[in-house]
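In what follows, a single structure is set out as structure tokens and then discussed.
First listed ligand is number 1; within each ligand, the first listed atom is number 1.
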Amino acid sequence: MTEHAVVIAGGGPTGLMLAGELALAGVDVAIVERRPSQELAGSRSGGLHSRTIEVLDQRGIADRFLAEGQVAQVAGFAFNRLDISDFPTRHNYGLGLWQKHIERILAGWVDELAVTIYRARDVTGLTQDDNGVDVHLSDGESIRAAYLVGCDGGRSVVRKAAGIEFPGWDPTTSALLAEVEVAEEPELGIRQDELGTHSFGRAEYEILDGEIVFADEGPVGVMVTERQPAPSTEPTLRDLSEALITVYGTDYGVHSPTWITRFTDMTRQAASYRDGRVLLAGDAAHVHSPAGGQGLNTGVQDAVNLGWKLAQVVKELSPPSLLDTYHLERHPVAARVLRNTMAQVALMRPADARLEALRETVAELLSMDEPRKRFAGMLSGLDIHYDLGEGHALLGRRMPDLDLVTADGPLRVFTLLHDARPVLLNLGEPGGFDITPWGDRVQMIDAEYVGTWELPVLGAITAPSAVLIRPDGYVAWVGELADQGLADALATWFGPPAAA
Ligand SMILES: Cc1cc2nc3c(=O)[nH]c(=O)nc-3n(C[C@H](O)[C@H](O)[C@H](O)COP(=O)(O)OP(=O)(O)OC[C@H]3O[C@@H](n4cnc5c(N)ncnc54)[C@H](O)[C@@H]3O)c2cc1C
């Protein structure tokens with residue numbers, strides 16, 4: 001039987017990111033993907049939020065995405081655009097870039113890291129025992145792995161086969177999404193009526209002065225809300241035509257669809273992100289309305305949280321219990337996304353005088369600075385705070401990408417994270433720390449930083465003298481040379497000290 005240390009079911013954005021993280025850590029990882037190529041029918045995600053751009057920057061690959069996308073203020077809550085240009089981050093914006101491009105660029109990176117991808121076959125089931133998992137495939141073969149991660153989307157076979165509950169809420173609304181040719185040119189842009197929100201656009205666009213300017217030609221992208229939440233069957237051209245006539249009084253002679261799909265506001269989350277040697281990430285672990293554009297972003301960040309932990313467990317540097325911190329940290333993040341998307345769906349419901357009053361009230365609140373910052377921090381992912389206990393404001397929060405000065409010259413913090421290895425950054429007296437027992441795993445850097453310390457939403461914070469940064473860019477410890485806590489933090493996150 002073929003063997004790999006980790007098998008990932010599904011090579012969408014989450015599976016690709018996770019594969020890259022594991023490969024960087026030197027783990028033998030393989031993806032099993034249903035699609036014969038990375039080609040993606042349909043538009044799905046429209047881009048990246050600030051924190052996702054940051055995590056890609058931590059790996060030195062953000063420029064690949066920035067070179068192809070449209071930089072813009074994309075964070076939004078219901079109909080309210082939230083400007084983050086005053087946030088203290090190098091990427092104080094979002095990026096408009098269709099999911100097919102995001103996947104292609106991620107796949108290129110994963111390819112450079114020589115990850116094995118078994119294409120055109122499905123994971124159909126699994127059998128796990130104390131030592132590993134047999135991953136059953138649609139071609140009749142099985143692969144043996146120490147761990148299996150289900151990144152196989154909302155209808156995850158892995159989640160079902162592992163018997164993990166997926167509680168939540170059934171859909172209250174559905175919409176058709178398609179790319180078509182038209183006989184009669186529709187007016188491009190958004191329309192709102194008593195059924196909900198609808199739009200026409202083109203896949204090719206530019207953002208000029210914050211406004212979308214669509215290309216003059218090419219297939220038309222359409223989104224139309226349906227009268228009743230429809231079942232999750234494959235939609236047809238006839239469904240699309242009927243839905244358009246209901247809203248616009250005409251179907252504009254739609255024909256030759258490249259693809260038609262339906263999405264809903266079904267909202268569910270896996271009760272547990274881990275069952276023994278089986279883990280879940282991305283849409284396999286959480287589904288919700290696309291409002292606010294958070295699904296892909298949450299999945300990619302799940303992968304970055306899980307990757308280094310799983311690598312350490314597979315390499316037997318850390319005990320399997322480290323994997324429990326993945327659920328503990330990431331389940332609350334997605335639970336918050338579920339909650340804010342449900343609130344957005346409720347706010348965007350069809351016109352009604354009382355809802356209109358609520359929308360205006362929320363818009364008024366979000367035009368104030370403090371609420372704007374809080375909601376923008378949430379939507380952009382910049383405010384994520386893992387509960388690592390009481391302490392300095394940086395503890396459990398993202399490490400800012402500071403411009404450091406070292407004996408070897410200037411250095412950005414994120415450059416230190418390119419190889420996904422932890423860093424002890426000493427900003428105090430040089431040469432004070434001795435982390436020899438972890439020297440094989442943790443980089444030690446003496447540096448100076450002269451600027452102010454500021455976090456998104458929180459504002460100014462006190463300057464720390466030393467920080468321990470995890471490979472995912474979150475701060476695991478803040479302290480002084482004399483602190484006993486450092487050895488505990490090193491052992492908790494990066495395994496017991498090596499024997500002298
Ligand atoms: C209309 C719409 C708009 C959206 N807009 C945004 C947005 O603006 N921003 C945002 O962040 N998110 C957005 N999303 C959500 C985003 O598309 C998803 O959250 C994202 O694709 C999840 O990535 P994933 O890798 O977890 O799952 P998926 O993208 O679903 O990938 C799963 C992969 O697994 C494969 N697969 C499935 N089953 C198996 C199996 N049994 N065996 C092998 N392979 C399998 C599939 O072929 C696929 O490649 C939107 C979604 C929709 C529908």
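- Near Val32, with a cut-off below 4.0 Å to any heavy atom, the atoms of ligand 1 are 43 (C), 44 (N).
- One finds a salt bridge joining Arg44 and Asp283 here, because a Lys/Arg side-chain nitrogen approaches an Asp/Glu carboxylate oxygen to under 4.0 Å.
- Taking any N or O of Phe263, backbone or side chain, none lies under 3.5 Å from an N or O belonging to ligand 1.
- Between Gly299 and ligand 1 there is no heavy-atom distance shorter than 4.0 Å.
- Geometrically, ligand 1 and Leu296 share a nitrogen or oxygen pair separated by less than 3.5 Å.
- Between the side chain of Arg274 and the main chain of Gly276, a donor-acceptor pair closer than 3.5 Å is present.
- In this structure, CD on Gln312 lies 6.0 Å from CG on Leu322, to the nearest 0.5 angstrom.
- The heavy atom nearest to atom 9 (N) of ligand 1, considering only Gly293, Gly381, Gly10, is found in Gly293.
- In terms of protein heavy atoms, atom 28 (P) of ligand 1 is closest to Arg44 NH1, 3.9 Å.
- For Leu177, every heavy-atom contact with ligand 1 shorter than 4.0 Å involves the side chain, none the backbone.
- In terms of protein heavy-atom proximity, atom 47 (O) of ligand 1 is closest to Glu33 OE2, 2.6 Å.
- Under a 4.0 Å N-O distance rule, the pair Glu329/Lys309 qualifies as a salt bridge.
- The CE atom of Met342 sits 12.0 Å away from the NE2 atom of His288 when rounded to the nearest 0.5 Å.
- Remark: among candidates Leu40, Leu16, Asp152, the nearest residue to atom 37 (C) of ligand 1 is Asp152, based on non-hydrogen atoms.
- Of all the heavy atoms of Ser45, the ones lying under 4.0 Å from any atom of ligand 1 are found in both the backbone and the side chain.
- Remark: Glu194 does not engage Arg349 in a salt bridge, criterion side-chain N to carboxylate O under 4.0 Å.
- Interface atoms of ligand 1 facing Gly282, defined by a heavy-atom separation under 4.0 Å, are 26 (O).
- The shortest contact between atom 27 (O) of ligand 1 and any protein heavy atom is with Gly153 CA, 3.8 Å.
- With a 4.0 Å cut-off on non-hydrogen atoms, Gln294 touches ligand 1 through its backbone and not its side chain.
- For the pair Arg277 and Tyr147, the cation sits on the ring face: its NZ or CZ lies under 6.0 Å from the ring centre, inside 45° of the axis.
- From the protein, the heavy atom lying nearest to atom 32 (C) of ligand 1 is Cys151 O, 3.4 Å.
- Seen from the ring of Phe166, Arg159 counts as a face-on cation partner, given the 6.0 Å and 45° thresholds.
- By the 3.5 Å distance cut-off applied to N or O atoms, Asn297 is counted among the residues near ligand 1.
- Among all protein heavy atoms, the one lying closest to atom 26 (O) of ligand 1 is Thr14 OG1, 2.8 Å.
- Atom-to-atom distance recorded for Leu24:CG and Leu417:CG is 11.5 Å, nearest 0.5 angstrom.
- Tyr252 and Phe200 have perpendicular rings, their planes meeting at more than 60° on a 0 to 90° scale where under 30° would count as parallel.
- When all heavy atoms are compared, the tightest approach of His198 to Thr225 is ND1-N, 3.1 Å.
- Between Tyr273 and His327, the ring planes are perpendicular. Angles over 60° get that label, and only those under 30° would be called parallel.
- Under the 30°/60° scheme for interplanar angles, the aromatic rings of Tyr205 and Phe214 are found to stand perpendicular.
- If you check which protein heavy atom lies closest to atom 41 (N) of ligand 1, you get Val123 O, 3.0 Å.
- Closest heavy-atom approach to atom 52 (C) of ligand 1 within the set Gly295, Ser156, Pro290: this belongs to Pro290.
- Here the heavy atom of the protein found nearest to atom 44 (N) of ligand 1 is Arg34 N, 3.2 Å.
- Remark: Glu33 engages Arg35 in a salt bridge, criterion side-chain N to carboxylate O under 4.0 Å.
- Looking at Gln99 against ligand 1, only its side chain comes within 4.0 Å, counting heavy atoms.
- Between Thr261 atom OG1 and Glu179 atom CD the span is 12.5 Å, to the nearest 0.5 Å.
- Under a 4.0 angstrom heavy-atom cut-off, Arg121 registers as being in contact with ligand 1.
- Residue contacts with ligand 1: Ala284 is placed with no nitrogen or oxygen under 3.5 Å of a nitrogen or oxygen of the ligand (distance criterion only).
- Atom 18 (C) of ligand 1 has as its closest protein heavy atom Asp283 OD2, 3.4 Å.
- Where the criterion is an N or O separation shorter than 3.5 Å, residue side chain and backbone included, Gly46 meets it with respect to ligand 1.
- For Val157, every heavy-atom contact with ligand 1 shorter than 4.0 Å involves the side chain, none the backbone.
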